[in-house]
Amino acid sequence: MTRREVAALLAYAAKLDPRSAPADEAAAAETLQQWADLLADVPPTAPHPEGRGWDAAKAVRHHIATSQYPVKPADVSRPWHAFRRDILSRHVDPVPAVDPDDAPAYRRALAAQRRAVETGAAVATPRAALTTGQSRQERDRYAADRLAALGGYVPRTVAQELAAYRPRRAERERRATAGLPDPLDVACPCEWCRAPAGSPCLDHHRNPRTAHPTRLDLATAQRHAHPGAA
């Protein structure tokens with residue numbers, strides 16, 4: 001918050017609880033400085049992907065309504081950091097609109113996106129949002145198309161028995177059935193992996209590993225851009 005925003009918050013607190021009003025001008029200046037320092041990284045408001053956004057004034061009001069002690073800067077900053085942890089736990093970094101082959105620019109764009117979410121300047125992007133607006137029939141059709149694209153249908157009971165012996169295929173079928181993006185549908189953009197579509201990602205020793213996060217991000221973006229594609 002800026003000093004002006006902090007000053008407005010202090011005035012609101014004093015209006016709700018006159019005990020928090022400074023005794024004189026010098027005390028007011030000292031209080032403003034203290035609060036401004038401690039709340040410099042706390043926004044006055046911030047969005048939440050589920051609609052229940054952050055509001056510093058509400059944090060002040062809640063404290064005054066529920067505590068016998070005068071409000072302190074920490075009574076605002078602690079709830080904000082809890083809110084921030086919650087939105088970051090729900091956030092999935094969308095694929096930046098930059099060339100993934102330009103690794104430094106790609107990393108900078110990802111960092112900028114996450115910083116915007118951390119500071120409340122942007123709404124977190126939950127993975128579930130990718131299917132918002134789709135009907136059940138559309139999701140079922142997508143799942144059926146994806147399973148058909150994987151080929152070689154076997155009864156579900158047999159597939160479950162075979163899952164332990166073909167974990168990669170089982171995971172692809174699981175994601176298709178759930179209507180989730182499949183990272184193996186796209187080539188891996190990770191500069192030192194570059195696994196082609198249909199092949200697993202590789203670690204630094206060139207051994208198969210789970211899909212790199214950037215590959216899943218790319219598959220997610222492709223699915224979001226072409227929701228009806230198999």
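Residue indices begin at 1 and follow the sequence shown. Because the structure is a prediction, the values reported are computed rather than measured.
- Between atom CD1 of residue I64 and atom CG of residue L16 there is a gap of 4.5 Å, rounded to the nearest 0.5 Å.
- The side-chain heavy atoms of D75 and V60, taken from C-beta on, include no pair separated by under 4.5 Å.
- Using a 4.5 Å cut-off on side-chain heavy atoms (C-beta onward), N207 and L202 make no contact.
- Between D41 and W80, the shortest heavy-atom distance links the atoms O-NE1, 3.5 Å.
- In this structure a side-chain-to-backbone donor-acceptor pair under 3.5 Å is missing from S199 to A195.
- No donor-acceptor pair closer than 3.5 Å links the side chain of Q33 to the backbone N or O of E30.
- Side-chain N or O atoms of R3 include none that pairs as donor or acceptor with a backbone N or O of A36 at under 3.5 Å.
- Taking 4.5 Å as the limit, every side-chain heavy atom of P44 sits out of range of all side-chain heavy atoms of D55.
- V6 places a side-chain heavy atom less than 4.5 Å from the side chain of L32.
- Checking side-chain atoms of R215 against main-chain N and O of V186 turns up a donor-acceptor pair under 3.5 Å.
- A heavy-atom distance below 4.5 Å is not found between the side chains of L216 and D182.
- Under the 30°/60° scheme for interplanar angles, the aromatic rings of W192 and H212 are found to stand perpendicular.
- Annotation: side chain of M1 is not in contact with side chain of W35 (no heavy-atom distance under 4.5 Å).
- To the nearest 0.5 angstrom, R19 atom CZ is 8.5 Å from Q68 atom CD.
- Pairing each heavy atom of L38 with each of S77, the nearest pair is O-CB, 4.5 Å.
- With hydrogens and angles ignored, the 3.5 Å screen pairs no side-chain donor or acceptor of S67 with any backbone N or O of H63.
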| request: Decide side-chain contact (heavy atoms from CB on, under 4.5 Å) for C201 and T210; before the verdict, give the C-alpha distance in whole Å, the side-chain angles of both, and the deciding distance to 0.1 Å. | output: CA-CA 6 Å; C201 286; T210 56; over 6 Å; no

